[in-house]
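Here's the structure, in structure tokens; my notes come after.
Each ligand, and each atom within it, is numbered from 1 in the order the structure gives.
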Amino acid sequence: MGVQVSNVSKSFNQKEIIKDISFTIPTGEICGLLGPSGSGKTTMIRLMIGAIAADQGTIQIGDVEMPNMNMLKKVGFMPQNDALYEDLSAEANLRFFGGLYHFDRHQLEKRIDEVLSLVDLTEHRKKLVRNFSGGMKKRLSLAAAIFHHPEVLFLDEPTVGIDPVLRRTVWDQFQAIKETGTTIVVSTHVMDEVTECDKAALIYEGSLIQYDSVNKLLEKTDNGRVEELFFIASREREGGAGQ
Ligand SMILES: Nc1ncnc2c1ncn2[C@@H]1O[C@H](COP(=O)(O)OP(=O)(O)OP(=O)(O)O)[C@@H](O)[C@H]1O
């Protein structure tokens with residue numbers, strides 16, 4: 001399923017945080033939401049999953065307008081701060097999250113084995129999450145987010161705080177999930193990660209400054225680095241403010 005964002009705006013306390021954003025993510029692609037800290041990436045994800053309602057505009061997943069409770073069964077979400085139970089083991093966490101999707105006992109245990117293997121945590125399944133490293137927690141959160149075979153997966157800064165080697169492993173896992181036909185929306189402020197994505201939405205101070213395939217975006221730069229597009233936007237803002 002694809003995602004369509006049409007003229008979406010959102011304010012908090014009279015301050016416009018998302019400013020008239022539109023873009024369309026085709027089915028089965030990885031779309032990066034890139035932007036500096038505070039630019040509005042998390043807010044955009046919360047709008048897309050229907051956790052908050054837009055003030056203006058519409059968001060559709062497939063042909064269903066969000067927020068929509070039924071669509072949540074087809075959507076996976078990995079929040080920025082891991083929503084795991086520290087006092088439970090990895091497998092007990094998954095049993096809890098899996099239980100929310102009404103799997104029967106046999107399916108539940110089978111799926112726990114599958115997702116633990118996918119994120120390479122099988123040998124740590126009995127360990128309490130409290131004793132997990134940051135990277136292990138990220139991988140377990142990913143396992144929970146994909147547990148119910150979502151058709152669209154939203155990942156909010158999934159690689160924050162994990163080392164470069166593990167980052168590679170995590171991206172390999174996202175690519176493997178994409179190969180199953182899942183659409184992935186992933187926010188990051190690590191500009192180099194754009195090359196892992198098919199498309200990227202560049203968000204700056206709540207505005208969408210660019211949306212295109214990653215190849216085309218990089219062609220717009222002199223040095224092949226996407227940061228340049230943010231520098232240009234920032235200079236244009238400053239120039240505009242001075243006029
Ligand atoms: N519920 C809220 N109430 C008031 N302000 C909010 C709320 N949620 C977000 N904001 C503000 O909106 C702006 C964008 O925040 P958001 O978390 O979407 O940015 P971000 O790009 O995800 O940043 P980061 O990478 O640091 O997580 C920030 O100024 C933040 O303080």
Side-chain angles (χ1 to χ4, degrees), residues 3-23 25 30-59 61 66-67 72 75-84 134-135 137-139 141-142 144-145 152-164 166-167 170-171 174 183-197 199-212 214 217 225-238 240-241:
V3 181
Q4 195 171 342
V5 176
S6 310
N7 301 105
V8 166
S9 299
K10 178 73 184 173
S11 297
F12 291 117
N13 310 324
Q14 277 88 53
K15 187 167 187 282
E16 202 172 33
I17 299 297
I18 295 294
K19 301 171 185 168
D20 193 22
I21 287 188
S22 303
F23 60 100
I25 307 167
I30 299 184
C31 174
L33 293 185
L34 265 76
S37 185
S39 54
K41 304 180 297 296
T42 298
T43 305
M44 199 59 242
I45 288 186
R46 293 179 69 215
L47 285 161
M48 285 191 273
I49 63 172
I52 51 174
D55 297 333
Q56 270 153 36
T58 55
I59 290 163
I61 297 186
M66 301 299 283
L72 292 183
V75 166
F77 173 49
M78 180 173 160
Q80 196 166 350
N81 302 313
D82 305 315
L84 299 168
K137 286 183 192 172
K138 285 280 173 214
R139 277 143 65 204
S141 293
L142 178 63
V152 188
L153 182 58
F154 293 91
L155 307 164
D156 194 2
E157 300 262 10
T159 58
V160 160
I162 63 174
D163 65 67
L166 190 61
R167 186 172 287 178
V170 168
W171 272 106
F174 299 161
T183 308
I184 302 181
V185 184
V186 51
S187 77
T188 179
H189 64 264
V190 180
M191 298 292 156
D192 288 346
E193 293 187 332
V194 74
T195 54
E196 302 281 350
C197 305
K199 287 208 171 60
L202 272 45
I203 302 180
Y204 182 72
E205 294 179 351
S207 299
L208 184 70
I209 56 164
Q210 295 277 348
Y211 180 65
D212 214 331
V214 169
L217 286 176
R225 299 188 67 85
V226 78
E227 289 92 316
E228 204 182 309
L229 300 173
F230 285 99
F231 297 146
I232 293 168
S234 149
R235 273 203 302 271
E236 282 174 357
R237 270 298 132 99
E238 280 167 25

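- Other residues, nucleotides and ligands contribute at most 12 non-hydrogen atoms within 6.0 Å of the CZ atom of F231.
- Interatomic distance, CD1 of I49 versus CZ of F154, reported as 7.5 Å (0.5 Å rounding).
- When only modelled atom types and interatomic distance are considered, S9 and D20 share no side-chain donor-acceptor pair under 3.5 Å.
- Atom CD1 of I52 and atom OG1 of T43 lie 5.5 Å apart (nearest 0.5 Å).
- Closest heavy-atom contact between Q80 and T42: OE1-OG1, 3.3 Å.
- How far NZ of K199 is from CG of D212: 8.0 Å, rounded to the nearest 0.5 Å.
- Residue-level contacts of ligand 1 at the 4.0 Å heavy-atom threshold are F12, N13, I17, P36, S37, G38, S39, G40, K41, T42, T43, Q80, E157.
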